Amino acid sequence: MFIARWQIDARFGHKQEALELMREWDREIGAKAGVDPARSSVVTGSIGALEATIENNLMVENLAELERIFEAIAKIPAHVEWGKKLEPHVVSGTSRWSILRVVPMG
């Protein structure tokens, strides 16, 4: 099991707009790419983290599943347009992906 984490920092005063666009992505693009909303969450900085930080965390069974999702996203023209709508609300250069392995503890 892995968590694919996409992180951005919202520009000052633009966090709410960025969050609305993340919700739009889930409804309009993620759904078409086969992203299970029950295995996806969006979190923001609160205590001990930058308040501007927004993370989308997607739980996947394996890297092959993540690759299938990435391939599906690349075929959705609305994804490019969505990115153009998000760009004015994001601090340039803060977008990054992290892939984390879930370690069973039992």
Side-chain angles (χ1 to χ4, degrees):
M1 184 79 68
F2 292 88
I3 296 172
R5 174 177 293 159
W6 184 56
Q7 179 179 322
I8 59 172
D9 287 345
R11 295 173 54 102
F12 184 78
H14 291 249
K15 185 174 176 180
Q16 193 57 46
E17 292 91 344
L19 286 168
E20 289 300 323
L21 285 164
M22 297 295 270
R23 288 182 188 101
E24 177 184 311
W25 190 93
D26 278 345
R27 285 189 315 270
E28 305 297 326
I29 297 157
K32 291 178 184 173
V35 173
D36 179 354
R39 292 178 32 192
S40 178
S41 65
V42 173
V43 298
T44 64
S46 185
I47 299 170
L50 295 175
E51 187 177 332
T53 298
I54 300 171
E55 292 180 358
N56 186 326
N57 294 302
L58 174 61
M59 181 113 15
V60 294
E61 289 294 324
N62 51 49
L63 295 177
E65 179 184 0
L66 181 60
E67 183 65 26
R68 283 191 301 275
I69 291 169
F70 283 160
E71 288 173 1
I73 290 168
K75 296 175 184 172
I76 301 172
H79 179 69
V80 173
E81 293 306 313
W82 175 85
K84 291 176 184 176
K85 289 193 296 187
L86 180 66
E87 187 275 329
H89 305 291
V90 176
V91 176
S92 182
T94 62
S95 175
R96 73 180 213 178
W97 277 97
S98 301
I99 308 300
L100 305 158
R101 182 182 305 272
V102 177
V103 179
M105 298 300 289

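Please read these numbers as outputs of a predicted model, since none were measured by experiment.
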Straight-line distance of [X] [atom1] to [Y] [atom2], nearest 0.5 Å:
X	Y	atom1	atom2	result
Arg96	Gln7	CZ	CD	5.0 Å
Ser95	Ile54	OG	CD1	11.5 Å
Asp36	Glu65	CG	CD	8.5 Å
Thr44	Ile8	OG1	CD1	11.0 Å
Leu86	Glu81	CG	CD	13.0 Å
Asn62	Arg68	CG	CZ	6.0 Å

Applying the 4.5 Å side-chain criterion to the ILVMFWY set and letting contacts propagate, would [X] and [Y] be lumped into a single cluster?
X	Y	answer
Met1	Ile3	yes
Trp25	Leu66	yes
Val42	Ile69	yes
Leu50	Val43	no
Val60	Leu63	yes

For a quick test of reading the model, state the closest non-hydrogen atom pair linking [X] to [Y] and the distance between them.
X	Y	answer
Ala78	Ile29	O-CD1, 3.7 Å
Thr94	Asp9	OG1-N, 3.1 Å
Ala33	Ile73	CB-CG1, 3.7 Å
Ser40	Leu58	CB-CD1, 4.1 Å
Arg11	Val91	CG-N, 3.7 Å
His89	Lys85	CD2-O, 3.3 Å

Taking ILVMFWY side chains as joined if any heavy atoms are under 4.5 angstrom apart, and letting links pass through other members, which residues group with Val103? Met105
Please tell me if the side chains of Asn56 and Asp26 come closer than 4.5 Å, counting only heavy atoms from C-beta onward. yes
Strictly below 4.0 Å, N to O, side chains only: are Arg23 and Glu20 in salt-bridge contact? yes
Check this for me, if you would: do Glu87 and Lys84 make a salt bridge, where the nitrogen-to-carboxylate-oxygen distance has to be below 4.0 angstrom? no
Is there a donor-acceptor pair under 3.5 Å between the side chain of Arg39 and the backbone N or O of Met59? yes
Sub-3.5 Å donor-acceptor pair from the side chain of Lys15 to the main-chain atoms of Glu51, do we have one? yes
For the residue pair Trp82 and Trp6, categorise the inter-ring angle as parallel (less than 30°), tilted (30 to 60°) or perpendicular (more than 60°). tilted
Can you say whether the rings of Trp97 and Phe70 are parallel (under 30°), tilted (30 to 60°) or perpendicular (over 60°)? perpendicular
